[in-house]
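Computed from a prediction, not measured in an experiment: that's the story for all the values here. Residue numbers start from 1 in every chain, and the chains themselves are labelled A, B, ... in the order their sequence lines are given, proteins ahead of strands.
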Amino acid sequence: MNAKLSQQPDTFGFNGNRTLAQTSPYQILLRAGSHLKLLKQVHAHIITTGRNHHLPLLTKLATSAISSGAILYAQKLFLRAPTVDGFLLSSLITAASKFHFPLQTVLFYRHMLARNISPTNYTYTSVIKACAQLQDPRTGRVVHCHILTNGFSLDQFVEAALVSFYAKIRELKFARKMFDEMPQKSIVSWNSMISGYEQNGFADEAIMLFAKMRELGVQFDSATLVSVLSACADTGALELGSWVHDYVKSNPISLDVVLGTALIHMYAKCGNVRKAQGVFELMDEPNVMAWTAMISGYGMHGFGKEAIDLFRLMINQGIYPNEITFVAVLSACAHAGLVQAGREAFAIMKNYGMMPGTEHHVCMVDMFGRMGLLSEAYHYIKDLFPVQPAPAVWTAMLGACKLHKNYDLGVEVADNLFAAEPDNAGHYVLLSNMYALAGQMERVEMVRNAAISKELKKPAGYSVIEIDQKAHLFSTGGMPHPESMAILQFLDELVQQIKAAGYVPVSEAIMHELEEEEKECALRYHSEKFAVAFGLLKTRQGVPIRIVKNLRICEDCHMAIKYISLVSKREICVRDKLRFHHFKDGSCSCKDFW
DNA sequence: CTAGGGTTAG
């Protein structure tokens, strides 16, 4: 055995056979790594040995300090440096950008310009990345101008950084234009473009660009697939998502924690929790994000107990939960009616040094409200004082009032919601329904007038069903499906059948007046009924029907689909804005907690 | 003596 290895290292990791003074300060710095305490000792050493004029040393010291998170220390070092050169500044810029100090990155860049030091391509990529992190289009465009005038616009790295920047500030058309005009497209620029689409809600474009990549035979990698999986999760594209999983299994792509988490998320959001579970169980070292993805997957399918058990297991394994983990846990409790477990989880947040935020408040109110504990929910909101409840908290409370038919409280809550967010068109249906239910017709009129005068349009509801790898979209507002007539006829027959089985449409009287236009529309049913009918027409008996809807499913459709699952003897799975509904034999997995 | 662009959970 090597004798040196058995010797105890001193503070700087030496074996004791050389003294500090004999070792090069640079070596000491390297050994100090990113431990701020050690770095400060090295700094003192540098000063006492009279080497604080040595720029390369100061540079390494400052970048190490940044890597330890001590950006202020690095800034002080910089300001007190006897001289400054381009090497020091570009090192500071890249380090500050890499360790997520975008504001300081831009400030160092300003120093560079003020001292007339020419930036390099390294500098530009870092600064552009910082502008993206800051969501600062103005500075980013200025830097883009500098790039053009200094002749760096054809650098592969700089170009990829610019595409990523424009995608991240939601200038997707411009990002795509730059991307299309790139003579040499690196894999990173493809990935920037695909992830840019996905992150900004254009999952279809992300999937189409990936298809183009395959068509052109461009090699993709793990980062590409992660973004594609997110896009599949967004749209419910299970077939493509499964293809990605198979590809990963049969190719030398390591299933790391990032890719694993993306797969869990995809399977959960495409309706297949068991597959998500399978991926999770195969992961070597799931981190907090992987655990949270799995907990949330259970939650959105109504498996509250599984979610709670997994959360407990996570804690026992010493994984530190974060705010998002608690959102997933509380939401799982809300969707499964596990009030006691939810209270306990909420109570331990403070053990982890966390203050509940809006999302947690929404979950708690939702949880109490769904269970009919309206007064508990309402007191929860009142106890937030002096914190003003966010509109989403009022929305949860309003939904609970409607579900449990407490119209007096509902009107009060609706007034609060309307006052808190008068311009949100998404609330109008819920608001005016509540006022109509309470017989407050002058308030219905007020909401309606506000909507008209502000030209607010509620988001159009749509449902998507994937059949033979092709997505079919049904919407009350958009283009009719080419087979509308046949589907409508089939749907009418279906409605007769479920009426015979006991289905009673939810009374038109409580439907809100604003929906008048919708009733006149050629599509006389909500999009999810249409999608279900289409699915029944196009798939064989025994094949489950999977629908993705952008809004929450309404009471009438929920009831109707329960009956449809009964008369057609089909499993029907609907993902709405919040959660999954698995319909089978006339009942729904949500136990009517929707 | 140095440092790049893209990817995960609500």
Side-chain angles (χ1 to χ4, degrees), chain A residues 24-27 29-30 54-60 62-64 66-67 85-99 120-129 132 155-165 167-168 179 185-196 198-199 206 220-231 233 253 255-266 268-269 276 279-280 283 286-297 299-300 314 321-332 357-360 362-363 392 578:
Chain A
S24 96
Y26 195 74
Q27 288 297 313
L29 258 177
L30 283 182
H54 194 258
L55 268 186
L57 263 184
L58 289 181
T59 302
K60 183 63 191 164
T63 54
S64 296
I66 293 174
S67 73
D85 65 356
F87 175 46
L88 172 60
L89 266 168
S90 53
S91 298
L92 287 170
I93 288 169
T94 44
S97 176
K98 185 175 170 192
F99 293 100
T120 66
N121 50 355
Y122 285 86
T123 314
Y124 286 127
T125 52
S126 300
V127 179
I128 284 293
K129 188 183 170 189
D155 180 279
Q156 291 272 302
F157 289 94
V158 175
E159 270 192 310
L162 281 169
V163 169
S164 170
F165 165 73
K168 285 193 172 128
F179 174 78
K185 297 176 178 61
S186 63
I187 186 167
V188 177
S189 59
W190 281 94
N191 292 350
S192 298
M193 203 60 237
I194 291 174
S195 115
E198 192 278 321
Q199 295 280 319
F220 47 83
D221 64 7
S222 166
T224 324
L225 296 180
V226 167
S227 290
V228 170
L229 285 170
S230 291
I253 291 181
L255 211 165
D256 63 7
V257 64
V258 178
L259 194 52
T261 304
L263 278 169
I264 292 170
H265 183 220
M266 182 280 295
K269 288 207 96 178
V279 174
F280 180 73
M283 283 177 81
N287 62 9
V288 62
M289 290 191 192
W291 285 88
T292 304
M294 195 61 239
I295 291 170
S296 142
M300 67 177 92
M314 170 184 169
N322 61 24
E323 279 88 349
I324 299 172
T325 313
F326 280 100
V327 174
V329 172
L330 296 175
S331 158
T358 296
E359 299 286 334
H360 307 101
V362 172
C363 289
L578 282 188

Taking only the side-chain nitrogens and oxygens of [X], find out if one of them lies under 4.0 Å from OP1 or OP2 of [N].
{"X": "A:Ser195", "N": "B:dG6", "answer": "no"}
{"X": "A:Lys168", "N": "B:dG6", "answer": "yes"}
{"X": "A:Gln199", "N": "B:dT8", "answer": "yes"}
{"X": "A:His265", "N": "B:dG10", "answer": "yes"}
{"X": "A:Lys129", "N": "B:dG5", "answer": "yes"}
{"X": "A:Thr94", "N": "B:dG4", "answer": "no"}

What is the nucleic acid contact for A:Ser296, judged by heavy atoms within less than 4.0 Å: base, sugar-phosphate only, or nothing?
-> sugar-phosphate

Would you indicate what A:Glu159 reaches in the nucleic acid, counting non-hydrogen atoms under 4.0 angstrom: base, sugar-phosphate, or nothing?
->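 No contact at all - A:Glu159 keeps every heavy atom at 4.0 Å or more from the nucleic acid.
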
Looking only at the side chain of [X] (C-beta and beyond, no hydrogens), which of the listed nucleotides [options] gets closest?
{"X": "A:Asn322", "options": "B:dT8, B:dA9, B:dG5", "result": "B:dA9"}
{"X": "A:Val188", "options": "B:dA3, B:dA9, B:dG6", "result": "B:dG6"}
{"X": "A:Asn191", "options": "B:dT2, B:dG10, B:dG6", "result": "B:dG6"}

Residues two or more places apart in sequence or in another chain: which of them pass ring pair (Phe, Tyr, Trp, His ring centres under 6.0 Å) with A:Phe179?
->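 Checked A:Phe179 against ring pair (Phe, Tyr, Trp, His ring centres under 6.0 Å); matches are A:Trp190.
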
Measure from CG on A:Leu58 to P on B:dT2 and round the result to the nearest Å.
-> 16 Å

B:dA3 P sits how many Å from A:Ile93 CD1, rounded?
-> 15 Å

Give the table of side-chain donor-acceptor pairs shorter than 3.5 Å for residues 322-332 of chain A, with sequence neighbours excluded, one pair per line with atom names and distance.
from: A:Asn322; atom 1: OD1; to: A:Ile324; atom 2: N; distance (Å): 3.0
from: A:Asn322; atom 1: OD1; to: A:Thr325; atom 2: N; distance (Å): 3.0
from: A:Asn322; atom 1: OD1; to: A:Thr325; atom 2: OG1; distance (Å): 3.0
from: A:Thr325; atom 1: OG1; to: A:Thr292; atom 2: OG1; distance (Å): 2.9
from: A:Thr325; atom 1: OG1; to: A:Asn322; atom 2: N; distance (Å): 3.1

Please answer whether B:dG5 and A:Phe157 are stacked, defined here as ring centres separated by less than 5.5 Å and planes angled under 30°.
->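 Given the distance and angle limits, no, they do not stack.
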
Just checking, is any N or O donor in the side chain of A:Thr123 or A:Thr120 under 3.5 Å from an acceptor N or O on the other one?
-> yes

Go through A:Leu162 and A:Glu159 one step at a time and tell me if the side chain to side chain contact (heavy atoms under 4.5 Å, CB included) criterion holds.
-> CA-CA 5 Å; A:Leu162 281 169; A:Glu159 270 192 310; 5.7 Å; no

Looking at A:Ala223 and A:Asn191, what are the two nearest heavy atoms and their distance?
->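 It is CB-ND2, 3.6 Å.
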
